[in-house]
Protein chains: 2
Amino acid sequence: MNPKFYFLPQEKQQTILNAGFHVFSRNSYRKSPMSEIADAAGISKSLLFHYFHNKKELYLFLWDTCAKITVEEMERSGTYEQTDLFGSMEYGMQVKLSLMRRYPDIGVFAVRAFYEKDPEVSSDIQRSMGRYLAVHAEKKLQKLDHEDFIPGIDLQMMYKEMYWASEGCLWEYIQRGSMDTDAMEKDFHELVDFWKKVYIRKGQGDKR
Amino acid sequence: MNPKFYFLPQEKQQTILNAGFHVFSRNSYRKSPMSEIADAAGISKSLLFHYFHNKKELYLFLWDTCAKITVEEMERSGTYEQTDLFGSMEYGMQVKLSLMRRYPDIGVFAVRAFYEKDPEVSSDIQRSMGRYLAVHAEKKLQKLDHEDFIPGIDLQMMYKEMYWASEGCLWEYIQRGSMDTDAMEKDFHELVDFWKKVYIRKGQGDKR
DNA sequence: CCTCCGTTAACCGAATCGGTCAATATGATG
DNA sequence: CATCATATTGACCGATTCGGTTAACGGAGG
């Protein structure tokens, strides 16, 4: 891509990226017209082609940006260092929310890109997934201590259930199209509170 | 639409409907080409236009079919009569699964159609939603008895959490593109089992 | 042979696509 | 004001795709 893109004011860069995320997240690669992206960004198609020489380049750039931003945000917020299960759950959500506030469609875009079948881009996407996947290695389960949770509970199932519930909550907002991150944050927080009340073993005061 | 469609063998009707659900569930209304639907159904575009005079008619027919089939299946399975919370949850899932086995993309289609913005169809969709919505009136919460559940639990939050988790589970399969209904049924069932173990108050033997 | 009838290939005009390019608008410099 | 570099655009291109039409094909029954 044209390095001049980097010299644009941050805000304008973000607007263009968001336009890309928006269109590509709602249509397949092939059915996402550059003209529609340009319109969403408030610039002419010609200018968009000036910064990104063709559609594939823009798409792959968005994908890389996606991965880069995510890793940055996780490092910045200290999500990696989180050891407590509920804490890491809440931190993970905070990362998602913070990303979504700046780039409302980045989440849906990432999922769609990952499953994109178009041969023009699918191989490139899959190839660059190596690094991205390494991040999400979920080894948290093995570190859990049964003593901290209510007796007899299936911890693996509990984790799966928590994961699905948070995804289901997120999904509800996404479908509705209203990316009200504040409302989402509230819902997420209530979710974690609910889990803590239900799953954590009580009796000996503060655990650990 | 052409009444001759009804005289087609059930199987062929279903193939055509599924082709429609498939394409319309993956693209917006405007970006779902009739040719693609015809190909997916294994017939020529001309024949598709022979049964449905134009795209809008096919789309609205699919939508109506969607609502009709759902109500039928819920009546057939006796979901409406279910009073127990977990039971109605499991019955509801069974309905979804049974529909999804015959029409793999009907769920995603329904959601997309509901939020479709294209002025050519959006008003018609919204208008016909009156009947459809009446079905989903969730008055279940008010009938619940606190004595049946673990002490101090927020029943409304519990229900919300269960709903989100099942939606999140479904959503995971949908994104992956693999509509393995048997695996989904297993996951759903395990979910309900888990909820029962965690949420139901124990002590006085069988409740009620 | 003819006549239905399900089905299709070929076609139509209009729109849209990715991408190019010459022209214009803008702003700094002398 | 004139000059020049740069940012931005409208107009255009050839190719493709769109929704929809139409004439013809092909097989079954009389």
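Side-chain atoms are counted along with the backbone in the values below, which use heavy atoms only and exclude waters and symmetry mates. These figures come from a predicted structure and were not determined experimentally. By convention in this document, chain letters (A, B, ...) are assigned in the order of the sequence lines, proteins followed by strands, and residues within each chain are numbered from 1.
- Using a distance-only test at 3.5 Å, with no hydrogens or angles considered, no donor-acceptor pair links the side chain of B:K117 to the main chain of B:S28.
- Within the nucleic acid shown, A:F7 has no heavy atom closer than 4.0 Å to any nucleic acid atom.
- Contact of B:S46 with C:dA9 (side chain to base): a donor-acceptor pair of N or O atoms is detected under 3.5 Å.
- Phosphate contact (OP1/OP2 of D:dA7, side-chain N/O of A:Y51, threshold under 4.0 Å): absent.
- Here C:dG18 is the nucleotide among D:dT8, D:dG20, C:dG18 with the atom lying nearest to any side-chain atom of A:K55.
- Closest to the side chain of A:K12, out of D:dT8, D:dT9, D:dG20, is D:dT8.
- If you measure from atom NZ of B:K56 to atom P of D:dG19, you get 15 Å, rounded to the nearest angstrom.
- Distance CZ (B:F49) to C1' (C:dA10): 15 Å, rounded to an integer number of Å.
- Within 6.0 Å of CZ on B:R30 lie no more than 12 heavy atoms contributed by other residues, nucleotides or ligands.
- Following rounding to the nearest Å, B:K4 (NZ) and C:dC5 (C1') show an atom-to-atom distance of 7 Å.
- Applying a 4.0 Å cut-off to non-hydrogen atoms, none of the residues of residues 30-41 of chain B approaches DNA chain C.
- For the pair B:N27 CG and C:dC17 P, the interatomic distance rounds to 13 Å; values are reported in whole Å.
- A straight line from NE2 of B:H50 to P of D:dT22 spans 15 Å, rounded to a whole angstrom.
- A salt bridge (Lys or Arg N to Asp or Glu O under 4.0 Å) with B:E73 is found for one member of B:R102, B:K68, B:R101 and no other, namely B:R102.
- Here C:dG18 presents its P atom at 16 Å from CG of A:L47, a figure rounded to the nearest Å.
- Side-chain proximity of A:N54 to D:dG19, C:dG19, C:dT7: nearest is C:dG19.
- Taking atom CZ of A:F5 as the reference point, atom P of D:dT8 lies 12 Å away to the nearest angstrom.
- Under a 3.5 Å cut-off, the side chain of A:N2 and the backbone N or O of A:F49 do not form any donor-acceptor pair.
- Across all strands, A:K45 comes closer than 4.0 Å to base atoms (heavy-atom distances).
- With hydrogens and angles ignored, the 3.5 Å screen pairs a side-chain donor or acceptor of A:E57 with a backbone N or O of A:M1.
- With B:F109 as the partner, the ring pair (Phe, Tyr, Trp, His ring centres under 6.0 Å) test is satisfied by one option alone out of B:Y59, B:Y115, B:F114, B:Y29: B:Y59.
- The number of heavy atoms from other shown groups lying within 6.0 Å of NE2 (B:H53) is above 12.
- Spacing between atom CD1 of B:I43 and atom P of C:dA9 amounts to 12 Å, rounded to whole angstrom units.
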